Amino acid sequence: MSGKSQRRRKTLASGTGVAIAIFAALAATGLSLTGPLKPATLDKATTAEAAKMTDWREIARQALGKGKFGFAEVTLKSGVLTVTGDTDEAEDRLRAFEVVKEAILSDPSHVGIVLALENAITLDGQKMADAPDAASTMGKTPDAKACQTAYDTLLDGRVINFGSGSAVLAEESKPLLDALAAVAKRCETYRVELGGHTDARGNATANQALSERRAQSVADYLVSKSVPASLLGVSGYGETQPKDAAGNAEADAKNRRIEFRIVEDVAQ
């Protein structure tokens with residue numbers, strides 16, 4: 001190879017090295033040849049994955065420790081974060097739950113992961129009537145999926161009870177109804193159907209009528225808690241849609257229920 005060709009190659013290599021150095025320096029300062037570089041952002045999938053990996057129980061436990069609520073413990077099951085324990089001070093019971101609630105809600109990535117917060121702390125050994133709070137954990141602008149999830153979460157393993165053979169709401173169901181009302185008010189852009197269901201005992205025609213009256217009783221209660229009547233639809237299905245066809249007492253208890261189902265976006 002001639003001396004002239006070797007000099008040309010050295011010059012090209014040197015120029016390439018300088019160009020790489022210039023591009024590296026520009027990137028480090030956030031600049032490019034065509035303008036400033038956009039900062040890197042996490043996509044929704046990455047953010048959601050990070051939220052799933054967050055130890056929400058540990059966050060709650062740290063909040064309890066900071067508040068010196070040593071009597072309280074935390075569990076997380078099926079999206080419901082439950083504060084348990086026992087105290088003989090009603091104020092401490094409420095404050096312990098509030099510090100956990102504040103700690104969880106302060107991180108908006110909890111939405112869709114922590115579906116409800118429940119105060120299950122007993123007061124001097126006595127169980128209180130609190131229902132889970134699913135309205136606070138839905139985020140600022142809940143969509144139809146979030147609203148349906150909130151209703152389903154509250155009614156998972158919990159039922160609205162009535163007097164035997166009647167449409168009179170049982171007193172012990174009022175906290176659950178209040179929690180459902182809170183969700184309905186957060187989901188004011190969605191119409192929800194209240195579907196009444198009975199077990200198969202007795203006359204089918206009577207069961208049909210009873211299911212309608214019970215659904216209406218729930219609607220009336222929600223309206224009394226400031227839920228707009230225009231958001232509520234009432235339907236009775238009698239014994240036609242059992243959840244459990246075993247025909248025993250346990251199955252009957254599952255079949256006697258009120259279901260909440262999002263059916264329409266009233267804004268459309």
Side-chain angles (χ1 to χ4, degrees), residues 39-159 172-187 190 260 262:
T41 57
L42 295 175
D43 58 28
K44 289 184 178 180
T46 302
T47 303
E49 193 62 32
K52 289 180 181 179
M53 295 176 65
T54 300
D55 191 340
W56 297 102
R57 289 178 300 176
E58 184 57 28
I59 290 175
R61 286 168 181 156
Q62 289 180 8
L64 289 169
K66 186 176 180 180
K68 301 187 184 305
F69 297 109
F71 62 84
E73 185 49 84
V74 181
T75 62
L76 179 60
K77 183 179 180 180
S78 301
V80 180
L81 192 146
T82 304
V83 186
T84 60
D86 182 72
T87 179
D88 56 4
E89 294 290 340
E91 183 178 350
D92 285 349
R93 178 180 182 273
L94 295 176
R95 286 175 55 220
F97 180 70
E98 286 302 318
V99 299
V100 168
K101 182 175 179 179
E102 182 179 352
I104 299 301
L105 298 186
S106 66
D107 185 345
S109 68
H110 78 273
V111 176
I113 307 297
V114 179
L115 305 178
L117 300 166
E118 181 177 19
N119 188 352
I121 300 171
T122 54
L123 186 59
D124 203 15
Q126 182 177 355
K127 184 178 179 181
M128 308 306 288
D130 303 58
D133 173 8
S136 298
T137 56
M138 300 171 68
K140 292 183 178 180
T141 54
D143 58 15
K145 181 180 178 181
C147 291
Q148 186 63 65
T149 297
Y151 288 130
D152 293 344
T153 298
L154 288 173
L155 293 171
D156 182 14
R158 305 173 189 86
V159 294
E172 66 265 22
S173 290
K174 299 293 178 68
L176 175 58
L177 287 164
D178 291 342
L180 290 162
V183 170
K185 285 186 282 189
R186 291 292 319 281
C187 298
Y190 300 104
F260 283 57
I262 299 291

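Numbering starts at 1 and runs along the sequence shown. Owing to the predicted nature of the structure, the values given are computational and were not obtained by experimental measurement.
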Q148/C187 under side-chain contact (heavy atoms from CB on, under 4.5 Å): CA gap, chis, key distance, verdict: CA-CA 9 Å; Q148 186 63 65; C187 298; over 6 Å; no
Under 3.5 Å donor-acceptor, T54 side chain and W56 backbone: no
Between CD on residue Q126 and CE on residue M128, distance to nearest 0.5 Å: 6.0 Å
Non-hydrogen atoms of A135 and R186 that approach each other most closely: O-NH1, 2.6 Å
Flag side-chain contact, heavy atom, 4.5 Å: L81 against I104: yes
Over 12 non-hydrogen atoms of neighbours within 6.0 angstrom of CD in E91: no
Quiz: residues 173-183 side-chain donor-acceptor pairs under 3.5 angstrom, not counting sequence neighbours:
residue, atom, partner, partner atom, Å
S173, OG, N161, N, 2.8
K174, NZ, E171, OE1, 3.3
D178, OD1, Y221, OH, 2.6

Greater than 12 external heavy atoms within 6.0 Å of Q62's CD: yes
Whether F260 and Y151 hold their rings parallel, tilted or perpendicular, with breakpoints at 30° and 60°: tilted
D152 versus T149, side-chain donor and acceptor atoms under 3.5 Å: no
Sub-4.5 Å side-chain heavy-atom contact between L105 and S136: yes
Passing option when F97 is tested against L64, D92, N119 for side-chain contact (heavy atoms from CB on, under 4.5 Å): N119
Interatomic spacing from OG1 in T82 to CD in E73 - rounded to 0.5 Å: 11.5 Å
Heavy atoms from other residues, nucleotides or ligands near CD of E172 exceed 12 (cutoff 6.0 Å): yes
Partner set under side chain to side chain contact (heavy atoms under 4.5 Å, CB included) for R57, not counting sequence neighbours: D55, R61, V74, L76
Verdict with supporting geometry, D88 and L123, side-chain contact (heavy atoms from CB on, under 4.5 Å): CA-CA 5 Å; D88 56 4; L123 186 59; 5.6 Å; no
Contact check, side chains of V111 and T137, non-hydrogen atoms, under 4.5 Å: no
Closest non-hydrogen atom pair, L115 against S78: CD1-O, 4.0 Å
Nearest heavy-atom neighbours spanning D143 and Y190: CA-OH, 3.4 Å
Qualifying residue for side-chain contact (heavy atoms from CB on, under 4.5 Å) with V83, from V100, T75, D130, V99: V100
Which atom of D86 lies closest to which atom of G125, heavy atoms considered: OD1-N, 2.6 Å
Distance, nearest 0.5 Å, that separates CD of E89 from CZ of F71: 9.5 Å
Shortest non-hydrogen separation from D133 to K101 and the atoms involved: OD2-NZ, 3.1 Å
Closest heavy-atom pair and its distance - T153, R158: O-NH1, 3.0 Å
Between CZ on residue R95 and NZ on residue K68, distance to nearest 0.5 Å: 11.5 Å
